[in-house]
Amino acid sequence: MKQLRGYEGKKNNAQAQQMYSEAMRKYGNLSEDALVGRLIDMVRAQKQNGTFDEVQLLGFVNTLSPHLSAQQRQKLESVLGMIDE
């Protein structure tokens with residue numbers, strides 16, 4: 001998996017913005033640990049059934065990153081590293 005550092009997504013990517021809004025509706029009330037668990041489970045399932053799209057995931061991460069603190073971005077990078085395994 002590509003590293004998050006230096007990732008340049010398309011600005012104002014409508015699909016990524018829509019994904020962000022939908023994710024906030026679905027997961028906005030979950031704890032950070034619960035979110036990480038759901039993300040890992042979702043990616044695992046997508047990899048198993050062949051629907052995992054790294055570009056789409058990185059686009060979503062790029063859209064989400066400005067809304068996170070430096071510590072949260074660092075944790076997200078660590079989760080992305082676990083996904084690559």
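Since we're looking at a predicted model, the values are computed, not measured.
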Under the side-chain contact (heavy atoms from CB on, under 4.5 Å) test, residues paired with Ala45 that sit two or more places apart: none
The criterion is salt bridge (Lys or Arg N to Asp or Glu O under 4.0 Å); which residues satisfy it with Arg38, sequence neighbours excluded? none
Apply side-chain contact (heavy atoms from CB on, under 4.5 Å) to Asn29 and list each qualifying residue two or more places apart in sequence or on a separate chain. none
So how far is it from Lys47 NZ to Ile83 CD1, rounded to the nearest 0.5 Å? 7.0 Å
Identify, with sequence neighbours excluded, every residue that meets salt bridge (Lys or Arg N to Asp or Glu O under 4.0 Å) alongside Asp53. none
Taking side-chain contact (heavy atoms from CB on, under 4.5 Å) as the definition, give me every residue that meets it alongside Gln48, ordered by chain and number, with sequence neighbours left out. none
Steps toward side chain to side chain contact (heavy atoms under 4.5 Å, CB included) verdict (Val36, Ile40): CA-CA 6 Å; Val36 169; Ile40 291 171; 3.8 Å; yes
Could you walk me through whether Met82 and Val79 satisfy the side chain to side chain contact (heavy atoms under 4.5 Å, CB included) test, starting with their C-alpha distance in whole Å, then the side-chain angles of each, then the deciding distance to 0.1 Å, before giving a yes or no? CA-CA 5 Å; Met82 288 188 293; Val79 169; 3.9 Å; yes
Using side-chain contact (heavy atoms from CB on, under 4.5 Å) as the criterion, list what pairs up with Glu32, not counting sequence neighbours. Gln72, Lys75
Is the shortest distance from a Lys or Arg side-chain nitrogen in Glu77 or Arg73 to a carboxylate oxygen in the other one below 4.0 Å? no
By side-chain hydrogen bond (donor to acceptor under 3.5 Å, both in side chains) - contacts of Thr51 (at least two apart): Asn49
